[in-house]
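Following: one structure in structure tokens, then a few remarks.
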Number of protein chains: 2
Amino acid sequence: MNMQNTPFNLAQCIEHAGKYFSHQKVITRKVEDDTLHEITYAEVLGRVRQLANALQKLGVKQGDRVGTIALNTYRHLEAWYAISGQGAVCHTINPRLSPAQMIYIINHAEDRFIFVDHIFWPLIEKLHPQFPKVEGYIVLTDKEHMPTTAHDVKLYCYEELIKDESTEFTWPEFDENSGSSLCYTSGTTGNPKGVMYTHKSNLLHSYAAGSTDGFGINSMDTILVVVPLFHANSWGISYLGPMVGANLIFPGKRMDGVAIFEVIDKYKATSAAGVPTVWTNLLDFADKEGRKMESLRDVVVGGSAAPPWMFTAFREKHDAELLHAWGMTETSPLGTMNRSIPQLDNLPAEEKAKIRMKQGRPVFGIDIKIVDEEGNELPRDGEAVGHLLVKGNWVVHTYFGADKPAVNADGWFDTGDMASIDRFGYMEIVDRSKDLIKSGGEWISSVDMENLAMGHPEVLMAAAIALPHKKWGERPLLVVIPKEGQNPTKEGIKEHLKSEFADWQIPNDIVFVKEIPMTATGKFSKLTLRDQFKDFYAEAE
Amino acid sequence: MNMQNTPFNLAQCIEHAGKYFSHQKVITRKVEDDTLHEITYAEVLGRVRQLANALQKLGVKQGDRVGTIALNTYRHLEAWYAISGQGAVCHTINPRLSPAQMIYIINHAEDRFIFVDHIFWPLIEKLHPQFPKVEGYIVLTDKEHMPTTAHDVKLYCYEELIKDESTEFTWPEFDENSGSSLCYTSGTTGNPKGVMYTHKSNLLHSYAAGSTDGFGINSMDTILVVVPLFHANSWGISYLGPMVGANLIFPGKRMDGVAIFEVIDKYKATSAAGVPTVWTNLLDFADKEGRKMESLRDVVVGGSAAPPWMFTAFREKHDAELLHAWGMTETSPLGTMNRSIPQLDNLPAEEKAKIRMKQGRPVFGIDIKIVDEEGNELPRDGEAVGHLLVKGNWVVHTYFGADKPAVNADGWFDTGDMASIDRFGYMEIVDRSKDLIKSGGEWISSVDMENLAMGHPEVLMAAAIALPHKKWGERPLLVVIPKEGQNPTKEGIKEHLKSEFADWQIPNDIVFVKEIPMTATGKFSKLTLRDQFKDFYAEAE
């Protein structure tokens with residue numbers, strides 16, 4: 001052996017934090033009572049080791065899957081490290097999955113134990129009889145808040161479980177290509193599919209995420225982690241934070257503008273990461289109160305595209321930069337990030353602004369391309385739109401338990417997104433391939449239509465869907481939530497859309513609603529919408 | 001396979017740069033005529049592939065060693081990638097090595113071909129008969145500047161060699177733990193020892209070096225690479241630059257203040273990396289001309305410690321931050337970097353300033369500790385001084401061709417440095433263990449003495465060495481180069497030293513010289529000094 005080559009174990013992230021960033025903090029809005037809780041990385045490390053000892057006593061073995069159904073808290077973070085660090089697999093489960101999905105994935109993963117927030121226990125208790133392989137539940141709370149159960153199943157109190165354990169633990173050494181964590185895609189068609197991240201893939205992903213063109217944070221930063229720990233690896237921040245010693249803020253269950261503003265303000269958050277809906281509420285609150293987020297430097301947005309007004313609002317009112325990132329469960333998730341490059345400096349301001357709203361450029365370690373239906377690569381001219389393929393060592397190769405690879409013969413993974421790539425390497429998602437609207441043989445982008453509609457001053461949210469139409473095959477319908485106290489008109493919105501869409505692309509109709517159904521990961525549930533409105537154009541000509 | 005796991009090949013760095021940072025530049029002060037030359041990463045990539053094709057035709061095979069004896073230029077960079085990318089080993093050789101050392105390492109490495117700057121050809125030509133394994137030399141120049149040789153050996157002109165080759169090349173796939181590059185330590189005792197970096201170790205090192213607490217650069221940066229490509233991997237910047245798209249400036253053979261100032265000013269360099277001597281000349285020039293380096297944000301210093309006045313000069317006159325880094329050939333080389341952490345903000349300014357002059361804290365992936373003679377770990381209190389041990393996946397395990405590991409049973413590498421680590425994790429090199437002066441059983445730090453002496457207003461450089469002494473075992477001698485036009489007195493310097501040293505630690509004598517012998521890597525050659533003055537205290541009592 002020329003150079004040292006100790007297999008990487010994710011526990012090294014929290015060991016490094018405990019040793020070299022011992023005073024930095026994890027701040028949590030507690031699920032129990034919404035109060036704010038602070039703990040140092042040194043303390044977290046001790047508790048992670050205590051939990052690792054406890055899990056060994058429960059009989060957890062290398063390769064075993066252990067689930068978590070929990071919000072972002074320090075205890076959930078501790079569970080991540082204790083599970084993966086000893087060679088078991090941390091299977092994060094979205095608490096908002098439908099019962100059918102939850103039953104499917106817990107059984108498919110064969111989870112032996114599940115960590116669960118006490119607030120989700122009533123839900124899980126009902127489903128327990130459907131989980132034949134689950135031997136016990138560890139409730140992420142203290143004695144005071146422990147629920148009980150009538151079922152014949154072990155129910156452990158997290159704090160009681162760890163309190164008498166040693167704060168020393170020797171992490172085992174194993175192949176760094178072993179699975180560390182498992183996350184199922186939300187699966188809008190067919191059964192959910194599991195992505196098994198490895199210690200190595202997470203290490204490489206974290207290094208890339210920490211680069212100056214990634215999150216670019218260090219111990220001088222405090223990052224608000226709105227993106228859930230159960231959602232695509234929380235964009236890697238749960239590993240990156242400890243690696244670089246950034247303070248973490250976990251908002252618990254309070255995602256409203258008041259609560260989010262409070263933690264940003266109180267802890268001087270410099271950075272934040274989450275889906276657009278949370279920022280809508282936050283900006284709204286700040287506007288109403290006439291307050292500024294003084295410490296905030298950048299806000300990373302992924303999951304779905306942020307509307308143009310949001311970029312302006314953060315920049316002009318809060319001196320903060322909104323950064324688009326793109327990725328998916330299958331990409332760990334960081335694929336691209338929208339950071340500037342010197343070549344943009346020479347462009348007209350308007351063109352530059354448009355480019356900065358794209359999904360971004362690949363970080364080192366990721367390559368992307370767009371291809372036509374036959375797999376031929378399309379030009380990087382910002383015009384051509386094709387299937388977005390991605391390659392890299394933190395991109396899925398084979399779904400958990402699948403018998404064939406998820407990549408093509410050349411090793412590329414098809415994201416299911418339709419995208420363009422411009423001459424500067426900035427990629428823009430035009431649509432999910434299945435959400436494109438095909439009218440009279442021509443494509444209409446639902447994402448572009450939604451973004452433009454959400455730029456209308458009286459529109460809060462808008463979802464564009466394709467509905468079956470006798471004459472045209474499909475025609476768009478726009479579903480709109482007006483802003484509070486506003487009464488936009490159909491004609492007004494259509495006029496607004498005409499600024500960028502041709503007449504034939506304008507939706508035949510617009511419906512106003514109070515709510516748009518969302519998926520468990522915070523995106524518009526177009527499946528549900530399409531179902532809800534399926535006959536809307538049945539009689540139209 | 002769960003996640004994609006394509007073996008890493010260093011060629012991916014330059015492929016990424018050519019594709020995603022095509023317009024960014026490598027700027028070189030040409031060795032031929034000292035004019036400035038610019039080339040884009042897209043062009044560099046094409047030439048790297050041309051060279052890779054040419055090397056294949058020369059019969060270079062995976063695992064073969066190919067040497068380089070060259071200054072920092074775009075052609076040298078291209079050679080790096082073409083050699084390593086095809087699976088051969090790029091063996092960088094310091095042109096300033098003594099003939100005996102050069103003969104030893106070229107034969108030990110069994111280099112088959114050597115890339116050489118035309119200015120070094122006369123030197124190498126003389127030694128050629130001593131290199132039985134070398135089949136040919138590729139002179140890094142164009143037709144116009146090609147030397148000739150009377151020897152019966154192949155002499156290729158770089159530009160002629162590549163000009164008709166294809167700009168397409170498919171990099172082979174091989175184990176990422178294969179050797180990519182080889183660098184011998186300067187070896188002040190015994191024969192030089194080779195460190196064989198691997199593709200994987202260089203990848204991990206580059207990611208860490210690119211973090212916000214490392215060099216923290218991206219494509220908005222232009223970095224002046226004073227640290228030679230032949231010196232400890234050029235601190236990894238030759239990989240990091242292309243990875244993140246930073247513009248690189250290679251200064252060729254012009255290291256004087258005028259030339260260095262010119263490239264910083266002309267290309268708006270934001271960052272620079274090199275040993276302290278170069279910055280002394282640069283600051284001196286800027287002072288004399290009354291000019292400011294407007295674009296410069298930070299200057300990374302390694303190799304040896306920068307004197308305190310240099311920190312002040314960069315900060316106060318140029319709004320730039322001087323950052324100490326520490327590492328060695330055996331550590332790829334980045335071990336620690338001196339970046340601030342929030343906990344320093346509460347300290348008195350003077351204490352903070354002292355801490356910021358230490359060698360720094362380990363980047364993620366590296367761990368350090370200090371131990372006593374028996375190997376027991378010493379406290380991290382900033383007081384205890386012990387042998388500095390280091391661990392990490394870009395630290396040497398076994399020297400090239402050695403039959404036993406360079407690490408101890410627990411996998412730690414002994415750096416040969418004596419150091420302290422404070423409660424914040426900042427490490428400070430007190431001395432090379434062999435340069436400590438042991439007088440009457442007590443230690444005196446030569447590094448501390450030199451730093452303090454160089455803070456004297458009339459002293460340009462100072463080296464402290466241990467000389468044999470009948471009564472005390474060893475006693476310090478201080479060798480001083482006065483600043484131009486200054487005449488410091490022995491008594492004046494001794495008084496100055498008394499501000500921090502006890503009376504018994506003050507050197508018995510001080511000698512004034514015009515030059516201090518330097519090693520090939522730009523450090524004081526204490527071996528030569530000790531030899532030169534070996535009888536100086538022979539008669540002293």
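Just so it is clear: chains get the letters A, B, ... in the order the sequence lines come, proteins before strands, and each one is counted from 1.
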Just so I understand: if I count every heavy-atom pair under 4.5 Å between each of [options] and chain B, which residue has the most?
| options | result |
| --- | --- |
| S206(A), P342(A), S219(A), C13(A) | P342(A) |
| R339(A), Q12(A), E15(A), K19(A) | K19(A) |
| I217(A), V244(A), L203(A) | I217(A) |
| F21(A), F8(A), Y399(A), F215(A) | F21(A) |
| N177(A), V195(A), V395(A), V396(A) | V395(A) |

For [X], what residues pass the salt bridge (charged side-chain N to carboxylate O under 4.0 Å, His left out) criterion, not counting sequence neighbours?
| X | result |
| --- | --- |
| D221(A) | R297(A) |
| D345(B) | K352(B) |
| R65(A) | none |

Side chains of [Y] and [X]: any donor to acceptor distance under 3.5 Å?
| X | Y | answer |
| --- | --- | --- |
| Y426(A) | Q359(A) | no |
| H108(B) | Y184(B) | yes |
| T212(A) | N218(B) | no |

Using heavy-atom distances under 4.5 Å, tell me whether [X] contacts chain A through its side chain, its backbone, both, or neither.
| X | answer |
| --- | --- |
| I366(B) | backbone |
| K391(B) | both |
| R380(B) | side chain |
| T6(B) | both |
| Q24(B) | both |
| H23(B) | both |
| S332(B) | side chain |
| A402(B) | neither |

(message) Set out, in order, the CA-CA distance, both residues' side-chain angles and the distance that settles salt bridge (charged side-chain N to carboxylate O under 4.0 Å, His left out) for R356(A) and E428(A), then state yes or no.
(response) CA-CA 10 Å; R356(A) 294 306 309 280; E428(A) 183 173 22; over 6 Å; no

(request) Name the option with the most non-hydrogen atom pairs under 4.5 Å to chain A; the candidates are S22(B), G392(B), G210(B), S211(B). (result) G392(B)

(message) Below 4.5 Å, heavy-atom pairs only: which of G214(B), G425(B), A208(B), A17(B) has the largest tally toward chain A?
(response) A208(B)

(request) Taking all heavy atoms of I249(A) and all of A269(A), pick out the closest pair and write down the distance. (result) CD1-CB, 4.0 Å

(message) If I compare all heavy atoms of L10(A) with all of S84(A), which pair ends up nearest, and what's the gap?
(response)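 Closest pair (atom of L10(A), atom of S84(A), distance): CD1-CB, 4.3 Å.
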
(message) In terms of relative ring orientation, are Y20(A) and H16(A) parallel, tilted or perpendicular, with 30° and 60° separating the classes?
(response) tilted

(request) Salt-bridge test for E330(B) and K193(B): reply yes if a basic N is under 4.0 Å from a carboxylate O, no otherwise. (result) no

(message) Whether R423(B) and D381(B) form a salt bridge (side-chain N of Lys/Arg under 4.0 Å from carboxylate O of Asp/Glu) is what I want to check.
(response)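 Salt bridge between D381(B) and R423(B), a charged N being under 4.0 Å from a carboxylate O: no.
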
(message) Under 4.5 Å from any heavy atom of chain B, what part of T198(A) do you find: side chain, backbone, both or neither?
(response) both

(message) Within residues 403-415 of chain B, which residues come under 4.5 Å of chain A, heavy atom to heavy atom?
(response) V407(B), G411(B), F413(B)

